[in-house]
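Take a look at the structure set out below.
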Amino acid sequence: MLSSVKTFVFLDLEATGLNKYLPKITEICLVAAHISSLQNPVTNEFGEMQLPRVLDKLCLCVDPEKTINRYASEISGLNNKNLGENEKQNFNSGLIVLIKEFLDRQAKPVCLVAHNGFKFDFPLLKTELKEQGNDFSSSLLCLDTLHVFQELDTLENGAPKKGKGFYTLSELYRRSVGKEPIDSHHAEGDVQMLIMIFMSKAKQVIEKTSYSFKMWSEISPMYVTRR
DNA sequence: TGCCAGGCCCTCTTTAGGGCCTT
């Protein structure tokens, strides 16, 4: 299934908190890369892998209309004060139109990619869409890089690696790229790390992983607000 | 309003409990 995907759209959300606090999105970043760029990474004069030159980006800050968890504010730099002062809009129908048009511009089939996406980013995005009475095309694919890298380790070593923090986005980036993360917990920074991690294993991800993707229609909302 | 994740994996397991990963 993944071998037929033409565009991977890397996604990261910042939010007011974690799942149990019924979070709302404070920042969304989508970066679309064509399979041809991901499978043939360009290197600089030092032989270091570079982000593809041809990328489409959509990054927006969002007024969550809810108190942002203190820790979430500290790590993301987004708080109710600066979002309010900058007059950011909420997650409204206009934003959904933007995102859908962005996805529609990409060569299809399209696959969304997020780290721990099955548990956090995809369900939360689905909740926000459903609250506006909207949704994405059911033909959209979803890939969770947390599952991908655990599955690759299982294929190579018989089991995922153990230990706290082994599969965090930052740690995967350190091991894949050999550099310290930059702009961690800023949506665009996290997406850039995600692309680099993906490119470092693109061939294996596309050819070997078979359990790490779902159809968008299989994603359940994180929660449903009572009205 | 207030509720307050969750499926998978591991082991000091299986009559269970705790950690991971995302903000």
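The sequence lines fix the lettering, A, B, ..., with proteins before strands; numbering per chain opens at 1.
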So which nucleotide from dT22(B), dG6(B), dT23(B) ends up closest to the side chain of K119(A)? dG6(B)
Nearest whole angstrom, please: distance from the C1' of dT22(B) to the CG of L172(A). 13 Å
Would you say N44(A)'s side chain and E48(A)'s backbone share a donor-acceptor pair under 3.5 angstrom? yes
Could you tell me how far apart Q150(A) (CD) and dG19(B) (C1') are, to the nearest whole angstrom? 12 Å
If we take the C1' atom in both dT13(B) and dC8(B), what is their distance in whole Å? 15 Å
I'd like to know whether H34(A) forms a side-chain hydrogen bond (donor to acceptor under 3.5 Å, both in side chains) with T7(A), so could you lay out the CA-CA distance, the side-chain angles of the two residues, the decisive distance to 0.1 Å, and finally the verdict. CA-CA 4 Å; H34(A) 193 271; T7(A) 306; 5.3 Å; no
With a 4.5 Å cut-off on side-chain heavy-atom distances among I, L, V, M, F, W and Y, is there a chain of contacts connecting L169(A) to V148(A)? yes
Between dC9(B) and dC4(B), how many Å separate the two P atoms, rounded to a whole number? 27 Å
Remember a base hit wins even if backbone is also touched, and classify L13(A) as base, sugar-phosphate or nothing at under 4.0 Å, heavy atoms. sugar-phosphate
Select base, sugar-phosphate, or nothing to describe what L169(A) touches, counting heavy atoms under 4.0 Å on all strands. sugar-phosphate
Without decimals, in angstroms, what is the distance between I28(A) CD1 and dT23(B) P? 14 Å
Nearest-Å distance once atom C1' is located in both dC21(B) and dC3(B): 23 Å
From CZ of F118(A) across to P of dG7(B) the rounded distance in Å is 14 Å
For M193(A) and dT22(B), what is the distance between atoms CE and P respectively, to the nearest whole Å? 9 Å
Between M222(A) (CE) and dC3(B) (C1'), how many Å, whole number? 15 Å
Just the rounded figure in Å: distance from C1' of dC20(B) to CG of D144(A). 12 Å
May I have the distance from K24(A) (atom NZ) to dC4(B) (atom C1'), rounded to whole angstrom? 16 Å
Would you check if the side chain of D12(A) reaches a backbone N or O of C29(A) as a donor-acceptor pair within less than 3.5 Å? no
Please confirm whether the shortest side-chain N or O distance from H115(A) to OP1 or OP2 of dC21(B) is below 4.0 Å. no
Roughly how many Å apart are dC12(B) and dG19(B), using the C1' atom of each and rounding to a whole number? 15 Å
Check whether the side chain of K20(A) and the base of dG6(B) form a donor-acceptor pair under 3.5 Å. no
Give one of base, sugar-phosphate or nothing for Y71(A), where a contact means two heavy atoms less than 4.0 Å apart. base
Joint cluster assignment, L143(A) & M193(A), ILVMFWY side-chain distance < 4.5 Å: yes
